[in-house]
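Beneath this line is the structure, given in structure tokens, with notes to follow.
Predicted, not measured: the structure shown is a model, and the values here were computed from it.
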Amino acid sequence: MNSFRQLTQTEIELLEKNVCWAEDWQRVMVAEGFRPYNFHRVMFYGDIRLGEFHKQVEVSKGFFKHSGINDATLRNVSVGNDCLIEKVGNYINNYTIGNDCYISNICTLETTDDATFGEGSVISVLNEMGDGNVTIFRELNSQMAAFMVKHHRDKELKQALQQMIEDELRVTRPERGIIGNNVKIINAKDIMNTIIKGFCEISGASRLSECTVMSSMDAPVFIGTGVICENSIICDGCSINNSVKMQDCFVGEACQITNGFTAEASLFFANSYMANGEACAAFCGPFSASHHKSSLLIGGEFSFYNAGSNTNFSNHAYKMGPMHYGTLERGTKTASGSYILMPATIGAFSVCFGKLMHHPDTRYLPFSYLLAYGDDCYLVPGRNITTVGLYRDIKKWPKRDKRSKQSKKSIINFDWLSPHTVGEIMQGIKILKNLRSASGENVSTYNFHEYVINATSLQKGLKYYDIALRIYMGAVLKRAMKEGFFGMPKSEVGKGPWADLSGLLLPVSEEERLISDIKEGRIENITQVLERFEDINNHYSDYRWAWSYQLILDYYHLTEIDEAACARIREDYVRARRAWIAEIRKDAEKEFAMGDVEQEVFDDFLEKLDHEIDYEN
């Protein structure tokens with residue numbers, strides 16, 4: 001850290017010779033090693049702190065200019081070592097600028113007395129006209145946001161969380177704007193009341209106002225041409241470019257927003273990609289994507305989701321190409337006019353989805369297709385369990401996490417079979433068996449609310465669900481034995497129902513305990529809330545085993561899991577897994593026979609399936 005001194009008379013004279021001027025030279029303090037030679041046409045107002053300026057700055061590849069300040073007006077500004085600041089059309093006011101920064105051809109960089117830097121505002125997601133339900137602050141993650149939204153009607157909890165956040169901001173909010181080290185800001189217009197962390201590049205932005213940009217060396221942020229961003233927070237590793245307009249938003253780690261996308265009062269978390277379309281009051285959890293100009297994400301909650309344009313089949317029918325699944329995946333219209341019901345409830349674009357919203361218990365038929373033929377809606381239970389698309393997604397999502405190790409605030413559990421989804425599968429099995437029992441086995445169709453399930457689809461659905469169950473039980477048993485907590489669970493936690501907080505899979509009892517601890521004061525600040533989410537995730541394996549142990553006992557009619565039971569469960573696991581792979585192979589062969597997939601792609605996919613036996617042990 002620099003120690004500062006006043007300018008010498010010789011230094012003042014040299015600065016004045018270079019057409020520099022100060023309202024009061026006594027208020028211009030400089031580092032011990034300061035040299036005044038690279039300052040030209042600079043006006044100083046108020047309290048100024050200047051570092052040392054010795055290095056060359058690379059302004060373009062292979063083009064270096066000496067650090068210094070030229071053609072600028074500064075008021076109440078601290079400038080770190082070896083910065084180059086030039087061509088400031090209006091002024092820089094009330095800012096602390098770090099080391100090795102390059103700021104050129106900007107209009108205004110200013111902090112006003114009422115700056116919030118985008119933190120503390122309350123927005124309404126899922127209901128664009130409703131009361132605010134999410135408070136934006138820099139440490140927000142998908143779990144915290146989902147928790148706020150889910151329990152926003154609990155006034156006591158809402159007030160406690162809001163107070164914690166306000167207390168945190170009161171301590172951490174700086175008195176004026178900060179530019180971190182190694183920041184590059186060029187060809188930008190107005191930057192007002194904005195904190196910009198280190199290693200960020202801003203090139204050609206039109207306006208940043210009341211924002212915090214959480215950039216870092218491992219995960220730099222880029223903000224590009226024509227961007228207008230107001231009252232928002234942008235996290236590590238993001239790219240915001242090409243005339244994006246954004247207001248009252250939170251953008252999580254490694255998100256990309258580009259090509260004229262507009263967003264208001266919306267949340268985007270880990271690895272989301274948004275281009276061309278719009279979002280309003282949208283909760284976009286991890287791996288949400290929207291590519292089309294006609295896509296409007298409004299008032300919905302999404303995760304592992306690809307928004308189609310509603311005029312083509314998006315990516316859902318092209319299974320050996322990109323396809324998406326997730327805990328909150330919505331259906332997208334396909335080329336044949338059908339719809340796909342993915343692992344949980346859908347609310348979308350047709351009469352079928354309107355019916356679906358009236359019967360929320362249809363979420364207990366997970367991994368299903370919803371097909372529309374005229375006015376009739378057909379459910380195909382469990383069909384997606386054995387598709388190429390789901391198999392590809394299981395493999396690809398962990399590889400597509402672009403976040404750095406240091407910037408993973410949002411928790412993402414990639415398990416496709418978990419106590420949460422398997423719990424819904426068990427409910428689905430119960431529903432299908434009850435339908436068969438009520439109507440008998442000698443019928444061609446079954447009616448489930450306002451949907452039709454063909455008899456063959458019901459039988460296959462039970463088969464696919466049972467395959468998934470046996471895969472899950474065998475895999476969990478194998479993990480438990482490897483991780484050293486095989487046997488009767490040491491805790492009751494996890495035995496009840498489970499939930500999904502936008503990527504965090506957790507027992508409902510742990511969520512309820514967190515609510516109780518907040519209300520009763522055992523959790524005192526927002527950091528402890530976030531740490532609780534982490535702690536729950538760290539104990540996921542323990543909680544999963546507690547839930548799965550009872551499932552295994554019930555499924556196999558056991559009183560304990562002994563060696564003989566382990567051998568039987570393993571045998572069932574291997575058979576189920578091979579049956580699953582065989583069904584996926586048939587799905588791939590069927591798609592290849594349609595002539596839409598190249599031979600090389602098909603052969604490569606089959607080779608991957610052949611290696612699945614390597615993962616049985």
Report task. Please answer whether the main-chain N or O of A289 pairs with a side-chain N or O of S272 as donor and acceptor at a distance below 3.5 Å. Result -> no
Query raised in the report: So do M246 and T262 actually touch side chain to side chain, heavy atoms under 4.5 Å?
Result: no
Report task. Determine whether F592 and F605 make a side-chain contact, defined as any pair of heavy atoms from C-beta on separated by less than 4.5 Å. Result -> no
Query raised in the report: If every non-hydrogen atom of A270 is compared with every non-hydrogen atom of C255, which pair is closest and at what distance?
Result: N-SG, 4.1 Å
Query raised in the report: Just by distance, with hydrogens left out, do Y465 and Q427 show a side-chain donor and acceptor under 3.5 Å apart?
Result: no
**Report entry** H292 backbone acceptor or donor facing N276 side chain under 3.5 Å
**Finding:** no
Requested in this report: Start with the C-alpha gap between E616 and R577, add the side-chain angles, then the distance that decides, and say whether salt bridge (charged side-chain N to carboxylate O under 4.0 Å, His left out) holds.
Outcome: CA-CA 8 Å; E616 290 177 356; R577 210 169 184 281; 5.3 Å; no
Requested in this report: Answer yes or no: is there a side-chain heavy-atom contact under 4.5 Å between F147 and L157?
Outcome: yes
Query - Donor-acceptor side-chain pairing of E511 and H151 below 3.5 angstrom - result: yes
Report task. Report, as yes or no, whether the 6.0 Å neighbourhood of atom CD on Q459 holds more than 12 heavy atoms from other residues, nucleotides or ligands. Result -> yes
Requested in this report: List the steps and the verdict of salt bridge (charged side-chain N to carboxylate O under 4.0 Å, His left out) for D610 and R585.
Outcome: CA-CA 10 Å; D610 290 338; R585 180 183 290 271; 2.4 Å; yes
Query raised in the report: Nearest heavy-atom pair of L462 and R436: which atoms, and what distance?
Result: CD1-NH1, 3.5 Å
**Report entry** Over all atoms of both residues, closest heavy-atom pair of I123 and D248
**Finding:** CD1-O, 3.7 Å
Requested in this report: For D236 and S407, indicate whether the former's side chain and the latter's backbone hold a donor-acceptor pair under 3.5 Å.
Outcome: no
Query raised in the report: Run the side chain to side chain contact (heavy atoms under 4.5 Å, CB included) check on Y549 and V476 step by step: do they pass?
Result: CA-CA 9 Å; Y549 184 84; V476 169; over 6 Å; no
Requested in this report: Decide yes or no on salt bridge (charged side-chain N to carboxylate O under 4.0 Å, His left out) for D587 and K590, but give the supporting numbers first.
Outcome: CA-CA 5 Å; D587 194 46; K590 180 179 178 181; 5.9 Å; no
Query raised in the report: Should the pair Y305 and F302 be assigned to parallel (<30°), tilted (30 to 60°) or perpendicular (>60°) ring geometry?
Result: parallel
Query raised in the report: Hey, what do you get for OG1 (T421) to CG (D500), rounding to the nearest 0.5 Å?
Result: 9.5 Å
Requested in this report: State which residue, out of T445, L379, L371, fulfils the side chain to side chain contact (heavy atoms under 4.5 Å, CB included) condition with V452.
Outcome: T445
Query raised in the report: Do Y273 and S290 have side-chain atoms, one donor and one acceptor, less than 3.5 Å apart?
Result: no
Query raised in the report: Any donor and acceptor pair, going by atom type alone, linking the side chain of E278 with main-chain N or O of S295 inside 3.5 Å?
Result: no
Requested in this report: For residues M144 and F533, determine if any side-chain heavy atom of one lies less than 4.5 Å from a side-chain heavy atom of the other.
Outcome: yes
Query raised in the report: Could E571 and R568 be called an ion pair, given the rule that one side-chain N must be under 4.0 Å from one carboxylate O?
Result: no
Requested in this report: Spell out, as yes or no, whether a donor-acceptor pair under 3.5 Å connects the side chain of S457 to the backbone of I453.
Outcome: no
Report task. Please lay out, stage by stage, how K495 and E492 fare under the test side chain to side chain contact (heavy atoms under 4.5 Å, CB included). Result -> CA-CA 6 Å; K495 289 188 175 181; E492 297 289 314; 3.1 Å; yes
Query raised in the report: Is the backbone N or O of S410 less than 3.5 Å from a side-chain atom of R403, with the two atoms forming a donor-acceptor pair by type?
Result: yes
Report task. For residues R570 and L477, determine if any side-chain heavy atom of one lies less than 4.5 Å from a side-chain heavy atom of the other. Result -> no
Query raised in the report: For Y615, is the NZ or CZ atom of K608 found under 6.0 angstrom from the centre of its six-membered ring and inside 45 degrees of the ring axis?
Result: no
Query raised in the report: Between NE2 of H152 and CG of D131, what distance do you get to the nearest 0.5 Å?
Result: 7.5 Å
Report task. For the pair Y543 and W498, name the ring-plane relationship: parallel under 30°, tilted 30 to 60°, perpendicular over 60°. Result -> perpendicular
Requested in this report: Please examine the side chains of I429 and D466, heavy atoms only from C-beta on, and report whether any two atoms are closer than 4.5 Å.
Outcome: no
**Report entry** Distance-only side-chain donor-acceptor flag, N413 / N537, under 3.5 Å
**Finding:** no
Query - Any donor-acceptor N/O pair, H539 side chain to D535 backbone, under 3.5 Å - result: yes
Query raised in the report: Quick one: do the Y556 and D572 side chains pair a donor with an acceptor below 3.5 Å?
Result: yes
**Report entry** side chain to side chain contact (heavy atoms under 4.5 Å, CB included) evaluation trace for D614 with H611
**Finding:** CA-CA 6 Å; D614 299 339; H611 282 287; 3.1 Å; yes
Query raised in the report: Would you call E612-K395 a salt bridge at under 4.0 Å N-O?
Result: yes
Query raised in the report: So, D415 and R479, do they make that salt bridge, N to O below 4.0 Å?
Result: yes
Query raised in the report: Heavy-atom distance under 4.5 Å between the side chains of T258 and S239, does that happen here?
Result: no
Query - Donor-acceptor contact below 3.5 Å, side chain E253 vs main chain K409 - result: yes
**Report entry** Nearest non-hydrogen partners of W580 and I467, listed with the distance
**Finding:** CB-CG2, 3.8 Å
**Report entry** Stepwise salt bridge (charged side-chain N to carboxylate O under 4.0 Å, His left out) check, R392 with E591
**Finding:** CA-CA 14 Å; R392 287 187 67 255; E591 185 178 357; over 6 Å; no
Report task. Indicate whether any N or O donor in one side chain lies under 3.5 Å from an N or O acceptor in the other, for N454 and Y446. Result -> no
Query raised in the report: Do you know the tightest heavy-atom contact between P286 and S303?
Result: O-OG, 3.5 Å
Query raised in the report: Does the N538 side chain pair with the main chain of E534, one donor and one acceptor, at a distance under 3.5 Å?
Result: yes
Report task. Would you kindly say whether D603 and Q599 are connected by a side-chain donor-acceptor distance under 3.5 Å? Result -> yes
Requested in this report: Could you check L504 against Q143 for side chain to side chain contact (heavy atoms under 4.5 Å, CB included), going step by step and ending with a plain yes or no?
Outcome: CA-CA 7 Å; L504 171 64; Q143 285 67 54; 3.4 Å; yes
Query raised in the report: Got a second to check how far I584's CD1 is from L606's CG, nearest 0.5 Å?
Result: 11.5 Å
Requested in this report: Report the relative orientation of the aromatic rings in W547 and Y472; use parallel for angles under 30°, tilted for 30 to 60°, perpendicular for over 60°.
Outcome: perpendicular
Query raised in the report: Is there a side-chain contact between K586 and E583, using heavy atoms and a 4.5 Å cut-off?
Result: yes
Query - T386 and R383: side chain donor to acceptor below 3.5 Å - result: yes
Query raised in the report: Just how far is it from atom CG of L126 to atom OG of S124, taken to the nearest 0.5 Å?
Result: 7.5 Å
Query - Heavy atoms from other residues, nucleotides or ligands near NZ of K408 exceed 12 (cutoff 6.0 Å) - result: yes
Query raised in the report: Do we see a donor-acceptor contact under 3.5 Å between the side chains of S437 and N434?
Result: no
Query raised in the report: Are F250 and F269 near enough that their ring centres are under 6.0 Å apart?
Result: yes
Query raised in the report: Just by modelled atom types, is the G285 backbone N or O under 3.5 Å from a matching donor or acceptor in the S288 side chain?
Result: yes
**Report entry** Nearest heavy atoms of I425 and L417, plus distance in Å
**Finding:** CD1-CD2, 4.0 Å
